[in-house]
Amino acid sequence: MDMINTDDPPNDLRVLAMRPLIAGNWKMNTLRADASALAAGLVEQRAAIDPGCDILICPPFVSIRSVGEIVLGSPIKLGAQDCHVEVSGAHTGDVSAEMLVDAGCNFVIVGHSERRTNHGEGDKLVGEKAKAAFIQSLSAIICVGESLDERNEGKTLAVVEEQVSKSVPAEATAENTIVAYEPVWAIGTGLTPTIEQISEVHDNIRSLLNSRFKDGEEFRLLYGGSMNPGNAGEILAIKNVNGGLVGGASLKVEDFWSICTSV
Ligand code: PEP
């Protein structure tokens with residue numbers, strides 16, 4: 001009988017073993033007390049049940065330490081919503097990847113559409129932020145997604161392809177990188193693409209990663225944009241959707257937990 005070498009399992013077994021990730025992006029919400037209560041509620045739920053997915057929460061910078069103390073020792077992971085490309089220096093208002101690690105983070109979101117739109121961040125900068133994260137052994141969640149005009153003009157796949165090629169650095173691996181497809185028009189709007197539309201983009205991202213990386217099949221691909229307890233099950237069942245990036249619905253324990261248990 002053939003023995004499976006567990007140190008180096010075949011690709012299909014590694015993909016089967018891929019654990020979905022549900023990530024909460026709290027954005028600029030929660031004062032410290034709310035953040036602590038939200039984190040404590042999730043720790044309590046997770047202590048009772050393993051929903052079969054990894055769970056990540058990304059609070060505002062100022063709550064990272066206090067939330068970190070609450071999730072410490074639990075399987076809930078801690079991340080931030082952005083980082084600067086430099087380690088330190090004259091960058092008023094910015095936070096480096098090294099500082100995030102020092103504060104207890106293992107993940108950082110880069111290239112969220114709100115950073116791209118509100119702060120003029122482009123693909124090159126997003127790629128540099130991801131590299132800055134890798135250097136500090138942080139995993140980067142790299143966000144991509146088309147605007148409504150781009151979708152209506154039939155440019156979705158071209159836009160996402162360009163963003164993935166330019167924002168996902170050559171140094172990316174399935175260990176240090178997660179790609180989140182977040183159509184801009186679906187973020188915070190209550191609108192979601194159809195299952196076919198999500199599937200088409202995720203399959204496309206998978207092909208792009210496979211063409212560039214030998215472990216492309218193992219990168220986790222998250223869907224984000226108005227995911228909620230009502231639509232999560234159907235979205236998370238799509239092939240090549242390996243989890244979700246959740247904004248609004250991550251701010252209530254019951255809603256976020258319900259999404260986690262939909263996996
Ligand atoms: C997000 O900001 O990453 C997001 C997906 O937001 P929402 O779930 O509120 O659409």
Side-chain angles (χ1 to χ4, degrees), residues 20-30 34-35 38 42 53-61 63-64 67 77-83 105 107-119 121 123 126 129-130 133 139-148 150-151 156 159-160 163-164 167-168 177-195 197-199 201-202 205 220-236 238 240-263:
L21 172 70
I22 304 295
N25 172 15
W26 294 1
K27 310 194 191 199
M28 197 173 72
N29 293 299
T30 66
D34 311 317
L38 187 47
L42 292 171
C53 61
D54 290 338
I55 300 173
L56 165 69
I57 50 180
C58 302
F61 288 134
S63 295
I64 285 175
V67 166
K77 299 173 197 304
L78 187 62
Q81 301 171 18
D82 183 46
C83 68
C105 292
F107 291 80
V108 62
I109 299 170
V110 293
H112 190 281
S113 72
E114 286 150 16
R115 301 284 323 168
R116 289 177 185 262
T117 306
N118 302 345
H119 299 269
E121 298 188 1
D123 291 324
V126 173
K129 288 185 176 206
S139 293
I141 300 181
I142 303 175
C143 302
V144 297
E146 82 288 0
S147 68
L148 190 55
E150 289 164 339
R151 173 155 290 274
T156 299
V159 167
V160 171
Q163 290 175 335
V164 171
S167 313
V168 178
T177 300
I178 293 151
V179 177
Y181 168 55
E182 298 208 305
V184 179
W185 53 275
I187 296 178
T189 58
L191 302 172
T192 46
T194 63
I195 296 302
Q197 288 170 330
I198 297 174
S199 182
V201 177
H202 277 245
I205 296 174
R220 288 193 280 195
L221 307 185
L222 310 186
Y223 168 78
S226 297
M227 188 180 267
N228 61 46
N231 61 24
E234 205 183 3
I235 294 174
L236 293 168
I238 302 172
N240 283 323
V241 172
N242 315 113
L245 180 54
V246 186
S250 69
L251 295 171
K252 281 197 185 141
V253 175
E254 314 78 66
D255 289 352
F256 190 61
W257 187 251
S258 166
I259 293 173
C260 295
T261 56
S262 309
V263 164

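By convention here, the first residue in the shown sequence is residue 1. Numbering of ligands and ligand atoms starts at 1, following listing order.
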Note: I55 and W257 closest approach over all heavy atoms is CD1-CZ3, 3.5 Å

Give me the atom names and distance for the closest heavy-atom approach of A80 to I64. CB-CD1, 3.8 Å

Can I get a per-line list of side-chain donor-acceptor pairs under 3.5 Å for residues 223-233, giving both atom names and the distance, sequence neighbours left out?
| residue | atom | partner | partner atom | Å |
| --- | --- | --- | --- | --- |
| Y223 | OH | G225 | O | 2.7 |
| S226 | OG | A186 | O | 2.6 |
| S226 | OG | T189 | N | 3.4 |
| S226 | OG | G190 | N | 2.8 |
| N228 | OD1 | G230 | N | 2.7 |
| N228 | OD1 | N231 | N | 2.9 |
| N231 | OD1 | N228 | N | 2.8 |
| N231 | ND2 | S226 | O | 2.9 |

Salt bridge E121-R116, side-chain N to carboxylate O under 4.0 Å: no

Does the side chain of Q81 come under 3.5 Å of the side chain of W26 through a donor N or O and an acceptor N or O? no

N25 vs V246 side-chain heavy atoms within contact, under 4.5 Å: no

Identify, chain by chain and in numerical order, each protein residue with a heavy atom under 4.0 Å from an atom of ligand 1. N25, K27, H112, E182, A186, I187, G188, G224, G225, S226, L245, V246, G247, G248

